Amino acid sequence: RQCIDIYRKADNKFKLLQAILGRVYLLNFYKDYQMAISYADEGVELAEQLKKIVSLGKLYKYLHVSYDSLKKPTESLLYYKKYISVNDSIQNKSRIDKIVKTRAMFDLDLKSKDLSIQKASLKYQKNQIYFLVIGIVLVSLLSALFIWKKNISLRLKTANAELQRMKIE
């Protein structure tokens, strides 16, 4: 109780909420349900104000237990439904976060694979270009060699023909 008073005076709402949660738990444990309800109501307002969903769910559960122990089924059922609703939303958020994370990992993996495929394709294209250039160079060299040989052969024939003509003359 002293911690709650200290946190109220210090206006530390987060610590106050934690202290109230602990106090409500202990009051339920020691079966002081009326006092637990009064602290829990304060905690619910604070949790809603701070948007602390997990704490709100715990307080709803404590309120359900307190009202159930006081044989007040209407209030007990009301807080049980609220507890289930909050708990489901927490679990759904957790599932959604997990799905989003899994989807992000899948997309990242897919992009990584696409990138490696693009790199392999680019490497293949570069290799094709290298082989094409080497092929063109080889064909050009062979053509030049063939033309050169033809040219020499033609010169030799011309020179032989002139030699023969000179011999005949």
Side-chain angles (χ1 to χ4, degrees), residues 1-140:
R1 198 177 338 173
Q2 290 173 347
C3 287
I4 291 173
D5 292 337
I6 291 170
Y7 293 134
R8 268 194 197 119
K9 287 177 186 173
D11 198 32
N12 188 335
K13 293 180 180 182
F14 179 74
K15 292 282 187 177
L16 177 60
L17 179 60
Q18 296 304 311
I20 289 172
L21 275 167
R23 182 79 174 148
V24 172
Y25 172 79
L26 287 173
L27 289 168
N28 270 338
F29 181 78
Y30 289 115
K31 301 179 188 325
D32 189 356
Y33 302 115
Q34 282 302 128
M35 188 63 75
I37 289 170
S38 67
Y39 277 104
D41 285 338
E42 181 184 355
V44 166
E45 287 179 31
L46 195 54
E48 287 174 345
Q49 187 181 38
L50 296 173
K51 298 180 182 174
K52 297 293 182 183
I53 305 299
V54 175
S55 298
L56 187 62
K58 288 178 183 178
L59 287 164
Y60 285 153
K61 185 177 179 183
Y62 293 147
L63 282 165
H64 156 67
V65 169
S66 295
Y67 280 118
D68 191 47
S69 299
L70 292 173
K71 307 288 187 229
K72 294 185 177 180
T74 306
E75 290 87 353
S76 176
L77 182 60
L78 172 73
Y79 285 108
Y80 180 72
K81 286 179 180 179
K82 286 184 177 187
Y83 164 69
I84 292 299
S85 175
V86 168
N87 196 35
D88 285 349
S89 71
I90 292 169
Q91 288 179 357
N92 284 341
K93 185 180 181 314
S94 174
R95 285 186 196 118
I96 289 170
D97 289 346
K98 200 175 198 178
I99 289 169
V100 167
K101 184 179 178 182
T102 303
R103 178 64 188 196
M105 293 299 289
F106 174 75
D107 289 344
L108 183 63
D109 189 43
L110 190 62
K111 286 180 182 180
S112 174
K113 286 181 181 177
D114 282 346
L115 185 61
S116 65
I117 289 171
Q118 287 176 349
K119 283 182 181 180
S121 176
L122 186 60
K123 188 175 181 179
Y124 178 73
Q125 288 174 352
K126 281 183 180 180
N127 286 341
Q128 281 184 326
I129 291 171
Y130 290 144
F131 287 129
L132 182 64
V133 168
I134 290 170
I136 291 172
V137 168
L138 282 175
V139 167
S140 298

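One-based numbering along the sequence shown. Quick caveat, the model's predicted, so the values are computed rather than measured.
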Supply the atom-to-atom distance [X] [atom1] to [Y] [atom2], rounded to the nearest 0.5 angstrom.
X: Tyr33; Y: Lys71; atom1: OH; atom2: NZ; answer: 9.0 Å
X: Asp68; Y: Asn28; atom1: CG; atom2: CG; answer: 10.5 Å
X: Ile136; Y: Ile129; atom1: CD1; atom2: CD1; answer: 10.5 Å
X: Gln18; Y: Leu46; atom1: CD; atom2: CG; answer: 9.5 Å
X: Leu21; Y: Ser55; atom1: CG; atom2: OG; answer: 5.0 Å
X: Asp32; Y: Ser69; atom1: CG; atom2: OG; answer: 11.5 Å

Do [X] and [Y] have side-chain heavy atoms sitting under 4.5 Å apart?
X: Val86; Y: Tyr60; result: yes
X: Phe131; Y: Gln128; result: no
X: Lys52; Y: Phe14; result: yes

Requested in this report: List the steps, then state whether side-chain contact (heavy atoms from CB on, under 4.5 Å) holds for Asp41 with Leu63.
Outcome: CA-CA 8 Å; Asp41 285 338; Leu63 282 165; 3.9 Å; yes
Query raised in the report: Crowded around Lys82 NZ? As in, over 12 foreign heavy atoms under 6.0 Å?
Result: yes
Requested in this report: Go through Ile37 and Val24 one step at a time and tell me if the side-chain contact (heavy atoms from CB on, under 4.5 Å) criterion holds.
Outcome: CA-CA 8 Å; Ile37 289 170; Val24 172; over 6 Å; no
Please find the pair of heavy atoms, one from [X] and one from [Y], that lie closest to each other, and give the distance.
X: Leu17; Y: Gly43; answer: CD1-O, 3.5 Å
X: Leu16; Y: Glu42; answer: CD2-OE2, 4.4 Å
X: Leu70; Y: Gln34; answer: CD1-OE1, 3.0 Å

**Report entry** Audit row: Ile84, Lys81, side-chain contact (heavy atoms from CB on, under 4.5 Å) steps and yes/no
**Finding:** CA-CA 5 Å; Ile84 292 299; Lys81 286 179 180 179; 5.7 Å; no
Verify, without hydrogens or angle tests, whether [X] (side chain) and [Y] (backbone) share a donor-acceptor contact under 3.5 angstrom.
X: Ser66; Y: Tyr62; result: yes
X: Ser112; Y: Leu108; result: no
X: Ser121; Y: Ile117; result: no
X: His64; Y: Ser76; result: yes

Query raised in the report: Under the salt bridge (charged side-chain N to carboxylate O under 4.0 Å, His left out) criterion, do Asp109 and Lys113 qualify, and how do the steps go?
Result: CA-CA 6 Å; Asp109 189 43; Lys113 286 181 181 177; 3.6 Å; yes
**Report entry** Parallel, tilted or perpendicular: rings of Phe29 and Tyr25 (30°, 60°)
**Finding:** parallel
Report task. Walk me through it: do Lys101 and Asp97 pass the test salt bridge (charged side-chain N to carboxylate O under 4.0 Å, His left out)? Result -> CA-CA 6 Å; Lys101 184 179 178 182; Asp97 289 346; over 6 Å; no
Query - Pair Asp107 + Lys111, salt bridge at N-O below 4.0 Å - result: no
